Amino acid sequence: MSKTETDIIVEDKDAALHALRHSLAHIMAAAVRLLRPEAKLAFGPPVEHGFYYDFDFGDNPIGEADLEQVEQTMRAIIKAREPFTREEKNCDEALRYLEAQGEVYKREYAQELIEQGKAVNGTLSFYTSGDFTDMCEGPHLEHTGHVPKNCFKLDRISGSYWRGDEKRPMLTRIYGLAFASGAELKEYLAMRKRAMERDHRKLGEELDLFIQDSEVGVGLPLWMPNGTVLRDELEKWARETEFLAGYQRVTTPSVTRKQLYERSGHVPYYQDSMYPSMPIDEHDEYYLRPMCCPHHHKIYASRLRSYRDLPLRLCEYGDVFRYEKHGSLSGLLRVRAMCMNDAHIYCAPDQVESEFRGVVAMYQMYYGHLRMGNFRVRLSLHDTDNAKFVDRYDDWERSESIVRGVLDGLGIEYEEESGEAAFYGPKVDIQVKNLMGREETVSTCQLDFMMPDRFDLTYVDADGERKRPYILHRAPLSTHERMISFLIELYGGAFPTWMAPVQVRLVPVNAAILEYANETAAMLRNNFFRVEIDDSSESFNKKIRNAVTRKIPNIWILGEKEKDAAAVAWRRYAVKEQQSMPRNAALALLQQMREKRTMDNFSDVALPTP
RNA sequence: GCCGGUGUAGCUCAGAUGGUAGAGCAGCUGACUUGUAAUCAGCAGGUCGGGGGUUCGAUUCCCUUCGCCGGCUCCA
């Protein structure tokens, strides 16, 4: 495809922004150096909304209180219009220079670049502005004066391991925000502030969806009645979907003997993510389960299976427990106790592809329906350097090429990443970013070549031979915790009628209407709708406001007119207009919305027509 | 787990150079009986995250611990 003019302009703009952010990282490092001459430099790249730079401050750490001073110094450097000059040093000279400067991190990196043959023409480039020199690939702005006014802001400080390795020193990372103009920075800050209003932790509390309590334990959410409705509705949907797709439900326990996880490989490969074992009775040990798969494999193995049984699809919304690192826990997004939309498909080799397609179709249905459009597909592969993967490399290659082939065949765009696989096989992960830009795996589908061996799973084929099945692990609706955290943020807490904790709030205009309201509530409740009557002594306006701030999808206003006509005045959360209709018609419409799982929380979605 | 922040009523936040704290909303009570986003009044609510230290005296200073937030690592 030939590049159009617009592509080139966009590319230039991106390149310019990249250079600006890169230069600001450099300017920040220069400023930090003026204040902390002993600070050692690590990496300082441009990133999505700005830049960061990693420093080693040794015994003289920097805090957020120091950022203002760093910013002021940066402004002074910008005002001085210092030119960026590029200099190329040959490899020896570069190493000697970095050595002399005591730049241990830069030196290590330079050494690595040289060893990997990445020193272009045998040289490494350095950029200097003012008195500050940094080994850097560039490009930079012509001079610091090209930084637009008010276009950047130092954001926050955090720790960061050198080279992302937790065994190496913890450096101090200073993040800055930077945009092409001050207006864009302001816009981004406003956007971020708005996004915080939709934060699932904030909405979870406001809407009484879930709580966490330190006496219960960190990462162990308690689901309130309202939140439990969301879970129940998702679960009901999954049951219907899985029933139609030929799955069978099973139920298995949350604690299990150590032996099972030794056999499955969880103990050698996954123990870091498991709660420590519990000693039971004399010489027995039990674990809280981190996954349901071994239990399902046991059900498969409990009897002789024929090729006629395949594919066998076992599903369970199962509670699993993972000992996540304390610092990585976050609301419902990352917890230690979760309930997973789990299933395992046992199939013959020639069924893998069609089963995989079936799973992908299920994903697409869920994501389309829920309007989760903002995701990327990741093909998660093994990594030969990594001890966390089973070392059966032929099997890895084979199963990875099967999955790749299926994705290619379906025309799905994806990005391959090494080292992200499960310990037992490659994964297709759906990666979704939350409001704060934090990306997590939501759905996953995994091809497993290892468990059939470990559990000695077989089926008798048409030729009478015992053969190994393949296993697909899949969780299209992820866990309740993670999925609901994303849905809360996507919908801003305003759920469609079918999911909403309270589906209809009845607002009688005055006390004389209470009887009609009670009758209407009974009608809805008898049809299994979640309904509330606002019989408080608040003003009418306040009652409307209360219903709206609770993000209840439907308000039915009941007054004399409605009572006389056996009607309701229906005000929806998602649209401004209100509509009057006979009460029976309103009930019928509500039933349609529930049955079709209409996404009426979006104003552009048409309601069903009876 | 590591680094940096942070912790005052159910929620959102004030506050005092160390002399035991206030507001709005929510809650409760009463009055008002209301047609599409806040009626009025009153009441109640906090050992200022926990523990230890310094001090005549600590919510304020120091130490320690826990929770929370952001990031690193890790992951559904």
Side-chain angles (χ1 to χ4, degrees), chain A residues 52 54 57 61-67 155-175 196 199 201-202 205-206 208 211-215 217-218 270 272-273 290-291 320 322-336 338-342 380 388 419-420 422 427 429-432 436-444 446 473-483 485-486 507-514 535-549 555 557-562 569-571 576-578:
Chain A
Y52 69 77
D54 287 344
F57 288 108
I62 205 165
E64 254 157 44
D66 301 306
L67 290 186
D155 196 27
R156 45 183 59 129
I157 292 184
S158 74
S160 152
Y161 298 110
W162 169 233
R163 318 238 52 187
D165 184 343
E166 61 186 328
K167 289 177 204 72
R168 310 207 62 187
M170 174 62 72
L171 307 175
T172 302
R173 175 170 298 180
I174 306 178
Y175 279 96
M196 309 261 259
D199 188 310
R201 292 165 297 195
K202 182 178 156 70
E205 185 168 294
E206 281 174 15
D208 293 324
I211 56 166
Q212 302 224 33
D213 184 299
S214 62
E215 200 168 1
V218 294
Y270 202 74
D272 285 352
S273 300
M291 298 182 189
V320 294
R322 297 184 184 176
Y323 192 72
E324 295 287 341
K325 284 185 179 153
H326 192 280
S328 70
L329 299 171
S330 177
L332 290 183
L333 188 61
R334 183 74 71 81
V335 293
R336 285 178 171 169
M338 68 215 89
C339 186
M340 189 181 289
N341 175 222
D342 215 350
S380 299
K388 73 179 185 182
E420 299 290 341
K427 302 193 291 173
D429 295 318
I430 311 290
Q431 302 294 112
V432 184
M436 297 304 292
R438 186 158 160 168
E439 187 186 74
E440 295 277 1
T441 302
V442 177
S443 310
T444 184
Q446 311 170 355
H473 303 233
R474 43 109 278 182
L477 286 178
S478 187
T479 60
H480 280 318
E481 287 70 19
R482 187 166 285 178
M483 181 56 84
S485 82
F486 278 103
V507 178
V509 169
N510 61 55
I513 308 298
L514 214 49
D535 58 358
S536 67
S537 59
E538 297 291 351
S539 67
F540 181 75
N541 279 343
K542 184 64 180 291
K543 289 182 182 182
I544 297 294
R545 181 186 155 82
N546 283 344
V548 171
T549 48
I555 305 174
I557 289 126
L558 308 176
E560 289 297 336
K561 276 184 290 181
E562 287 75 23
W570 188 334
R571 174 183 163 133
K576 294 206 168 68
E577 304 84 45
Q578 111 173 342

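Below, chains carry the letters A, B, ... as their sequence lines are ordered, and counting in each starts from 1. All figures in this text were calculated on a predicted structure; none of them were measured in a lab.
- The same atom, P, is picked in B:G50 and in B:G10; the two are 13 Å apart, to the nearest Å.
- Closest to the A:Ser158 side chain, of the nucleotides B:G70, B:C68, B:G35, is B:G70.
- With B:U39, B:C3, B:G1 as the choices, the nucleotide that has an atom nearest any side-chain atom of A:Lys325 turns out to be B:G1.
- Using a 4.0 Å heavy-atom distance criterion, A:Glu206 is classed as making no nucleic acid contact.
- B:U20 and B:C56: their C1' atoms are spaced 15 Å apart (whole Å).
- At the phosphate of B:C74, neither OP1 nor OP2 sits under 4.0 Å from any side-chain N or O atom of A:Arg336.
- Rounded to the nearest 0.5 Å, atoms CZ (A:Arg201) and CG (A:Leu332) are 10.0 Å apart.
- Of the candidates B:A37, B:C2, B:U36, the closest approach to any side-chain atom of A:Met170 belongs to B:C2.
- Closest to the A:Arg334 side chain, of the nucleotides B:A38, B:C68, B:C75, is B:C75.
- At the heavy-atom level, A:Val509 lies under 4.0 Å from base atoms of the strands shown.
- Judged by closest nucleotide on RNA chain B, A:Leu171 is the one of A:Leu171 and A:Asn546 placed further toward the 5' end.
- Straight-line distance from the OH atom of A:Tyr323 to the P atom of B:C74: 18 Å, rounded to whole Å.
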Between A:Arg474 and A:Thr444, is a side-chain contact (heavy atoms from CB on, under 4.5 Å) present by the stated rule, with each step listed?
CA-CA 6 Å; A:Arg474 43 109 278 182; A:Thr444 184; over 6 Å; no

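- Of the candidates B:G35, B:A31, B:A38, B:G35 carries the atom nearest the A:Ile557 side chain, counting heavy atoms from C-beta on.
- Contact annotation for A:Tyr52: no contact, since no heavy-atom pair falls under 4.0 Å across all strands.
- The nucleotide B:C32 finds no pairing partner, because no Watson-Crick or G-U wobble arrangement with both distances shorter than 3.5 Å includes it.
- Among the nucleotides B:G35, B:C72, B:G4, the one closest to the side chain of A:Pro61 is B:G4.
- Below the 3.5 angstrom threshold, one finds a donor paired with an acceptor across the side chain of A:Glu562 and the base of B:G35.
- Comparing A:Thr172 and A:Asp429 against RNA chain B, the residue whose closest nucleotide sits nearer the 5' end is A:Thr172.
- The side chain of A:Arg156 approaches B:G70 more closely than any other nucleotide in the set B:G5, B:A76, B:G70.
- Counting any heavy atom pair closer than 4.0 Å across all strands shown, A:Gly164 reaches sugar-phosphate atoms only and no base atom.
- Listed pair A:Ser214 / B:G67 fails the phosphate criterion, with no side-chain N or O lying under 4.0 Å from OP1 or OP2.
- Atoms CZ and CE, on A:Arg482 and A:Met340 in that order, are 9.0 Å from each other to the nearest 0.5 Å.
- Separating the P atom of B:G52 from that of B:G57 is a span of 15 Å, rounded to the nearest Å.
- Here A:Val218 lies in heavy-atom contact (under 4.0 Å) with sugar-phosphate atoms only.
- When distances run from any side-chain atom of A:Ser539 to the nucleotides B:A37, B:U34, B:A76, the shortest one goes to B:U34.
- When each of B:C75, B:C74, B:U39 is scored by its nearest atom to the side-chain atoms of A:Ser328, the top-ranked nucleotide is B:C74.
- Residue A:Glu166 is classed as a sugar-phosphate contact, given heavy-atom separations below 4.0 Å to backbone atoms only.
- B:G24 and B:C11 make up a base pair, with Watson-Crick or G-U wobble contacts both under 3.5 Å.
- Phosphate proximity of B:U33 to A:Lys542: absent, as no side-chain N or O sits under 4.0 Å from OP1 or OP2.
- Going from atom CG of A:Asp272 over to atom P of B:G1 covers 14 Å, rounded to whole Å.
- Counting any heavy atom pair closer than 4.0 Å across all strands shown, A:Glu538 reaches a base atom.
- For the P atom pair drawn from B:A23 and B:C43, the interatomic distance equals 11 Å after rounding to whole Å.
- A:Gln446 has its CD atom 9 Å from the C1' atom of B:A76, to the nearest Å.
- OP1 or OP2 of B:A38 has at least one side-chain nitrogen or oxygen of A:Asn541 nearer than 4.0 Å.
- Taking atom C1' on both B:G49 and B:A9, the two are 14 Å apart, rounded to the nearest angstrom.
- If you take OG on A:Ser539 and CD1 on A:Ile544, they are separated by 9.5 Å, rounding to the nearest 0.5 Å.
- Side-chain contact of A:Arg173 with A:Tyr175: a donor-acceptor pair under 3.5 Å is present, judged by distance alone.
- Between the side chain of A:Arg482 and the base of B:C75 there is at least one donor-acceptor pair of N/O atoms closer than 3.5 Å.
- Here B:G1 is the nucleotide among B:G1, B:C3, B:A76 with the atom lying nearest to any side-chain atom of A:Tyr161.
- The distance between atom CD of A:Glu324 and atom P of B:G1, rounded to the nearest whole Å, is 13 Å.
- Across all strands shown, A:Glu440 has heavy atoms under 4.0 Å from base atoms, whether or not it also approaches the sugar-phosphate.
- Protein atom CG of A:Asp165 is 11 Å distant from nucleotide atom C1' of B:C72, rounded to whole Å.
- Put simply, the side chain of A:Met483 reaches to within 4.5 Å of the side chain of A:Val442, judged on heavy atoms.
- Between B:C2 and A:Lys167, no contact under 4.0 Å exists linking OP1 or OP2 to a side-chain N or O.
- Remark: B:G46 base-pairs with no nucleotide; criterion is Watson-Crick or G-U wobble with both hydrogen-bond distances under 3.5 Å.
- Under the 4.0 Å criterion applied to side-chain N and carboxylate O atoms, A:Arg156 and A:Glu64 are not assigned as salt-bridge partners.
- B:G71 sits 30 Å from B:C61 when the C1' atoms are compared, rounded to a whole Å.
- A salt bridge links A:Arg334 to A:Glu324: one of the charged nitrogens lies within less than 4.0 Å of a carboxylate oxygen.
- A:Ser537 comes within 4.0 angstrom of a nucleotide base, judged by non-hydrogen atoms across all strands.
- Here the separation of B:G35 from B:G70, taken at their P atoms, is 44 Å to the nearest Å.
- For A:Thr441 against B:A76, a side-chain-to-base donor-acceptor contact under 3.5 Å is absent.
- Of all nucleotides present, only B:C56 satisfies the Watson-Crick or G-U wobble test against B:G19, with each distance under 3.5 Å.
- Contact check, A:Arg173 against B:C3: no side-chain N or O comes under 4.0 Å of OP1 or OP2.
- Taking atom CZ of residue A:Arg201 and atom P of nucleotide B:C11, one finds them 16 Å apart after rounding to whole Å.
- Backbone-only contact: A:Gly63 has heavy atoms under 4.0 Å from sugar-phosphate atoms and none from a base.
- Within the 4.5 Å cutoff, the side chain of A:Ser485 has heavy atoms near those of the A:Leu333 side chain.
- Pairing of B:A38, defined by two Watson-Crick or G-U wobble distances under 3.5 Å, is not identified with any nucleotide.
- If you measure from atom NZ of A:Lys543 to atom P of B:A37, you get 15 Å, rounded to the nearest angstrom.
- Look at CG on A:Leu67: it is 14 Å from C1' on B:C3, rounded to the nearest Å.
- Distances shorter than 4.0 Å separate none of the side-chain N or O atoms of A:His326 from OP1 or OP2 on B:U73.
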